[in-house]
Amino acid sequence: MTLLADVYTYDDYIFTHSFNVTLYTLAIWVELNINNKNLEILGLGAILHDVGKTLVPLEVLRKPGKLTEKEFEQIQKHADYGFHLIKNVHTVSLLVANCAYQHHERLDGSGYPRGIKGDEIHYFGKIIAVADMFDAVTSNRVYRKAMLPHQGLEVLYAGVGKKFDNTIIEAFRGRLPFIPMVYPSN
């Protein structure tokens with residue numbers, strides 16, 4: 001709870017994004033009809049996936065223009081920062097820390113922080129990656145307007161097999177009508 005409070009205090013967008021990612025992640029889990037043994041771990045992993053951003057300077061996180069290479073490297077470090085913040089909480093499963101660590105890894109190895117691919121990425125990381133990407137592109141950001149939900153799905157489908165697991169995307173699409181959405185205002 002302390003980590004989550006730190007996120008809210010640091011940047012309310014990160015908190016709202018993390019909440020949405022958690023809702024999407026749990027919706028995917030329900031659609032996949034997987035046993036609930038690890039549901040708490042997945043939920044904690046989703047809500048804390050971006051906790052490492054509290055160690056990235058706000059001027060970088062909120063920069064309205066194009067990031068420099070150095071600034072983008074700072075942003076990418078949030079996955080590593082999050083892993084270390086969470087793993088130091090001894091009452092939380094190491095798998096929760098791995099969710100923060102792997103949510104930007106991609107099936108083809110093009111992700112970060114380690115560039116791992118395929119089955120090297122934990123299934124929870126693959127689920128959170130889909131939820132994270134969808135919320136990121138369908139939310140208003142300082143550097144661009146939100147896409148509509150159908151456009152967000154197109155982004156996911158463009159990455160099927162290369163970036164994202166098709167089964168997870170299909171599960172998400174199956175739950176999408178049941179997920180409350182806030183559409184951007186014009």
Side-chain angles (χ1 to χ4, degrees), residues 1-8 14-55 76 78-139 152-153 156-157 159-181:
M1 292 308 291
T2 302
L3 289 173
L4 196 53
D6 289 346
V7 168
Y8 182 78
I14 299 170
F15 180 83
T16 302
H17 168 69
S18 297
F19 180 77
N20 289 339
V21 168
T22 303
L23 292 178
Y24 299 152
T25 295
L26 297 178
I28 292 167
W29 186 263
V30 167
E31 188 70 14
L32 290 170
N33 199 22
I34 302 173
N35 75 48
N36 292 330
K37 187 177 96 178
N38 291 317
L39 186 58
E40 182 179 340
I41 291 171
L42 177 61
L44 278 173
I47 197 76
L48 295 174
H49 80 282
D50 268 349
V51 71
K53 285 186 176 177
T54 61
L55 298 176
Q76 288 181 317
H78 83 274
D80 189 51
Y81 294 156
F83 173 78
H84 289 289
L85 285 169
I86 297 168
K87 85 171 182 128
N88 289 328
V89 178
H90 301 291
T91 56
V92 176
S93 167
L94 187 59
L95 187 48
V96 173
N98 275 307
C99 290
Y101 201 40
Q102 294 186 358
H103 74 280
H104 282 290
E105 298 290 358
R106 299 296 181 251
L107 294 179
D108 63 3
S110 64
Y112 62 87
R114 297 184 305 156
I116 59 177
K117 57 184 161 182
D119 290 337
E120 296 173 295
I121 307 167
H122 192 279
Y123 200 59
F124 289 2
K126 293 175 184 179
I127 292 172
I128 295 171
V130 168
D132 178 59
M133 177 61 77
F134 182 80
D135 190 67
V137 300
T138 59
S139 297
L153 276 175
L156 292 174
Y157 278 115
V160 165
K162 298 174 276 190
K163 310 283 184 202
F164 306 108
D165 182 294
N166 186 50
T167 304
I168 295 169
I169 293 173
E170 288 299 324
F172 180 60
R173 189 179 67 117
R175 289 313 272 179
L176 204 52
F178 305 105
I179 300 170
M181 303 197 130

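Since this is a predicted model, take the numbers as computed values, not measurements. Each residue takes its place number in the sequence, starting with 1.
For the pair D165 (side chain) and I168 (backbone), a donor-acceptor distance under 3.5 Å is present. With hydrogens and angles disregarded, no donor-acceptor distance shorter than 3.5 Å links the side chain of Q76 to the backbone of P113.
Taking 4.5 Å as the limit, every side-chain heavy atom of T25 sits out of range of all side-chain heavy atoms of I47. In this structure, T138 and N20 have side chains that are not in contact, with every pair of non-hydrogen atoms separated by 4.5 Å or more. Here the side chains of I34 and L39 are not in contact, with every heavy-atom distance at 4.5 Å or above. The closest side-chain heavy-atom distance from V92 to L3 is not below 4.5 Å.
Among Y157, W29, F164, F134, the one residue that satisfies the ring pair (Phe, Tyr, Trp, His ring centres under 6.0 Å) test with F172 is F134.
Each salt bridge (Lys or Arg N to Asp or Glu O under 4.0 Å) pair with one or both residues in residues 116-126, not counting sequence neighbours, appears once here: D119-K126.
Between H103 and R106, the closest heavy-atom pair is O-NH1, 3.2 Å. In terms of heavy-atom proximity, K163 sits nearest to S110 at NZ-OG, 2.8 Å. Scanning both residues, G43 and T22, for their nearest heavy atoms gives O-CG2, 4.0 Å. Nearest heavy-atom pair across G52 and Y81 is O-CD1, 3.6 Å. In plain terms, the two heavy atoms of L107 and I121 that are nearest each other are N-CD1, 4.0 Å. Across all their heavy atoms, L48 and A100 have their closest contact at O-CB, 4.1 Å.
For the atom pair CD1 (I28) and OG1 (T167), the distance works out to 11.5 Å, reported to the nearest 0.5 Å. Rounded to the nearest 0.5 Å, atoms CG (N98) and CD1 (I86) are 9.5 Å apart. In this structure, OG1 on T54 lies 10.5 Å from NE2 on H78, to the nearest 0.5 angstrom. Atom OG of S18 and atom CG of D132 lie 8.5 Å apart (nearest 0.5 Å). Here the CG-CZ distance, from D80 to R114, works out to 10.0 Å after rounding to the nearest 0.5 Å. To the nearest 0.5 angstrom, I169 atom CD1 is 5.0 Å from L156 atom CG.
Using modelled atom types and a 3.5 Å distance limit, the side chains of Y123 and Q102 yield no donor-acceptor pair. A donor-acceptor pair shorter than 3.5 Å cannot be found between the side chains of N88 and H84. Using modelled atom types, one finds no donor on one side chain facing an acceptor on the other under 3.5 Å when comparing H49 with H104.
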Criterion side chain to side chain contact (heavy atoms under 4.5 Å, CB included) on L32 and I127, from CA distance to verdict: CA-CA 10 Å; L32 290 170; I127 292 172; 4.2 Å; yes

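Taking H122 as the reference, F124 meet the ring-ring contact (aromatic ring centres under 6.0 Å, His included) condition, with sequence neighbours excluded.
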